[in-house]
Protein chains: 2
Amino acid sequence: MKISKEQVAENRQAVLDAAATLFRERGFEGVTVAEIMKTAGLTHGAFYGHFASKDDLIAQTCTHALAPFSAEDAPVVGIMDFADYYLSAGHRDDPGQGCIFSSLGTEAVRSSDATRHTLTESVRHRIENFSQTAPGKTATERRQAAVGSWAAMVGAVMLSRLVDDKELSDQLLADTRAWLEKSQAKK
Amino acid sequence: MKISKEQVAENRQAVLDAAATLFRERGFEGVTVAEIMKTAGLTHGAFYGHFASKDDLIAQTCTHALAPFSAEDAPVVGIMDFADYYLSAGHRDDPGQGCIFSSLGTEAVRSSDATRHTLTESVRHRIENFSQTAPGKTATERRQAAVGSWAAMVGAVMLSRLVDDKELSDQLLADTRAWLEKSQAKK
DNA sequence: TGTACATCAGTGAACGCGCGTTCACTGATGTAC
DNA sequence: TGTACATCAGTGAACGCGCGTTCACTGATGTAC
């Protein structure tokens, strides 16, 4: 039952896609290798032909999921434009397709060196990207605005998902957005 | 080998203390029941005399660890005073004694109803507390400042622990603090 | 106050399930002639 | 171009370890008389 080279590449992408969604929805430890392979349309035995271990998959999944944002030519995005998406109910309610930091942040602290390194570089890119349009007279001020604003978004979405009261959850998102808007306006 | 009532109460507290530290350091799933009991000076078999399950322990540990902040007479604390502690290297480097949201936030999303409810009430209290001294003309503005500022702190500490570059980690904390200070100052 | 006995917190061996990982086998692909 | 064979991605049964949980047993506490 040998498979064509194209099919192999497709299968590999399917596994990475399935892992990217499932990990963000249920955490690295909340999803089994067998479940990921099944979602990708394969059996668990095929897993080790593609990846050295579950940890290896985690690292490669992070790289895979963050690729669009880490590209050198990634589009510059304004903080408030980003906030409109990031602090939306849609993003909160669909972690599987959302930001990896607000869905896996506290677990990733204890992940492999490779995973943490990928995430670190992504943090750097995100800050550099936001810094280009952030308010402030100096580069330092703009970077501070970029870091502070993004940290607030990540924290707010994480808390909004945690809370068991929809009203409070909505308020966390809306209040953070309002506060960001005011902070941006003032230079 | 029956034990005195005082000793039973002490043992229970020791288990909760051990769990509170270990969970924050290594995550709910990264610590075993046996390890917690050993840290508390007991054997794993005694666990089920105190708690119905590991999930029950998690819920009670959250209540235990958050008790000081959830009390009705908890002291009102200024946002920047709190930020001085929260965004310090000391807090970042000692998650075992630190804020539960920045160490367990993304895992807690998938925890039991009881755990999430305890955390929700704690979020509410924290916001109410900060709102009392937050800047703003109206109650709404003050609440927005409280929510946005706290979200930024939680996000910043989580990211600062995640990153594998000490310089970037320090910068995340310092930039967030600087940005918070500026945002507080303006009204 | 002293003695006999029931209680029950803690012990540690054992259970059983789930999960990451391995491996002998299959059969379609793609190469050699 | 057609045929024979080697390759190797995928299959699914099996392994083994770790962890949450259970349970028969122990022996100090505290109560009854």
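Chain letters run A, B, ... following the sequence lines, proteins first, then strands; residues in each count from 1.
Without hydrogens or angle criteria, Arg177(B) side chain to Leu173(B) main chain gives no donor-acceptor distance under 3.5 Å. For the pair His44(A) (side chain) and Ala34(A) (backbone), a donor-acceptor distance under 3.5 Å is absent. Of the possible donor and acceptor atoms, one in the side chain of Asn129(B) sits under 3.5 Å from a partner among the backbone N and O of Pro75(B). Arg161(A) places a side-chain N or O within 3.5 Å of a backbone atom of Arg92(A) that can act as its donor or acceptor partner. Remark: side-chain polar atoms of Arg142(B) are paired, donor with acceptor, to backbone N or O of Gly136(B) under 3.5 angstrom. In this structure, the side chain of Arg116(B) engages the main chain of Leu162(A) through a donor-acceptor pair within 3.5 Å. Between the side chain of Lys182(B) and the main chain of Ala145(A), no donor-acceptor pair closer than 3.5 Å is present. Side chain of His91(A) to backbone of Leu87(A): no donor-acceptor contact under 3.5 angstrom is found. A side-chain donor-acceptor contact under 3.5 Å links Thr106(B) to the backbone of Thr106(A).
The distance from atom CD of Glu29(B) to atom P of dG20(D) is 10 Å, rounded to the nearest whole Å. Protein atom CZ of Phe28(A) is 17 Å distant from nucleotide atom P of dC19(C), rounded to whole Å. Separating the NZ atom of Lys38(A) from the P atom of dT11(D) is a distance of 13 Å, rounded to the nearest angstrom. Following rounding to the nearest Å, Asp56(B) (CG) and dG20(D) (P) show an atom-to-atom distance of 14 Å. Between Met37(A) atom CE and dA13(D) atom C1' there is a gap of 16 Å when expressed in whole angstrom units. Following rounding to the nearest Å, Gln7(A) (CD) and dC8(D) (C1') show an atom-to-atom distance of 14 Å. Rounded to an integer number of Å, the gap from CZ of Arg12(B) to P of dG10(C) is 11 Å. Rounded to a whole Å, the CG atom of Leu42(B) is 20 Å from the P atom of dT26(D).
Asp17(B) and Gln13(B) are not linked by any side-chain donor-acceptor pair at a separation below 3.5 angstrom, with hydrogens and angles left out of the test.
Of the charged side-chain nitrogens involved, at least one lies within less than 4.0 Å of a carboxylate oxygen, so that Glu35(B) and Arg26(B) count as a salt-bridged pair.
Side-chain proximity of Thr43(A) to dT11(D), dA9(C), dG12(C): nearest is dT11(D).
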Contacts under 3.5 Å, N or O only, protein and nucleotides 2-4 of chain D:
none

Under 3.5 Å, which protein N or O atoms sit close to an N or O of nucleotides 21-24 of chain C? Give each pair with its distance.
{"residue": "dT21(C)", "atom": "OP2", "partner": "Tyr48(A)", "partner atom": "OH", "Å": "2.6"}
{"residue": "dT21(C)", "atom": "OP2", "partner": "Lys54(A)", "partner atom": "N", "Å": "3.0"}
{"residue": "dT21(C)", "atom": "O5'", "partner": "Tyr48(A)", "partner atom": "OH", "Å": "3.0"}

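Looking at which nucleotide of DNA chain D each of His50(A) and Thr32(B) is closest to, the 5′-most match is held by His50(A).
Scanning DNA chain C for stems, defined as runs of 3 or more consecutive Watson-Crick or G-U wobble pairs whose donor-acceptor distances all fall under 3.5 Å, gives the following ranges: C:2-33 with D:2-33.
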